[in-house]
Amino acid sequence: DNSFSSPAQPNRSDYAASENASNANSGGKSANELYVTGYKLEKTNPQRAISTYHEILDRFPDSDLAIKAIERLDKLE
């Protein structure tokens, strides 16, 4: 028998469940919500925006938004 089973690949709902569990443990904001919050704060409270972007890097380092947060930090710091 030449067939083999590949390891189960996580699906989108697995990632959502993982992010939801993370959110429940730390204030409930997703990477996307934090990014939007940081962006909105850039003009009115840049220091808080910087903190928000750093939170994305700390909590969601593998997120696509981590790259965007770094780009925003480059402009603010």
For atom CG of Asn45, decide whether the heavy atoms of other residues, nucleotides or ligands shown that lie under 6.0 angstrom number more than 12.
yes

Heavy-atom nearest pair, Ala31 first then Ser63, reads CB-OG, 3.9 Å

Nearest 0.5 Å, what's the OG-CD1 distance between Ser51 and Ile56?
11.5 Å

May I ask whether Leu65 and Val36 are part of the same hydrophobic cluster, defined by side-chain heavy atoms of I, L, V, M, F, W, Y residues being less than 4.5 angstrom apart, directly or through others?
no

Please give me the minimum heavy-atom distance between Leu57 and Ala69, naming the atom from each residue.
CD2-CB, 4.3 Å

Are Tyr39 and Leu41 connected in a single hydrophobic cluster, I mean Ile/Leu/Val/Met/Phe/Trp/Tyr linked by side-chain heavy atoms less than 4.5 Å apart?
no

Minimum heavy-atom distance between Ala66 and Pro61, given as atom pair plus value
CB-O, 3.7 Å

Using 0.5 Å steps for rounding, measure from the CD atom of Glu77 to the CD1 atom of Ile70.
10.5 Å

Checking the side chain of Glu33 only, and the main-chain atoms of Ser30 only, is there a donor and an acceptor separated by less than 3.5 Å?
yes

Would you check if the side chain of Arg59 reaches a backbone N or O of Lys29 as a donor-acceptor pair within less than 3.5 Å?
yes

Between Glu42 and Tyr53, is the side chain to side chain donor-acceptor pair (under 3.5 Å) condition met? List the steps.
CA-CA 10 Å; Glu42 285 186 17; Tyr53 291 136; 2.6 Å; yes

Is it true that Leu34 and Leu76 fall in one hydrophobic cluster, defined by side-chain heavy atoms closer than 4.5 Å?
yes

Test side-chain contact (heavy atoms from CB on, under 4.5 Å) on Arg72 and Tyr35 and set out the steps.
CA-CA 10 Å; Arg72 300 310 305 159; Tyr35 184 81; 3.6 Å; yes

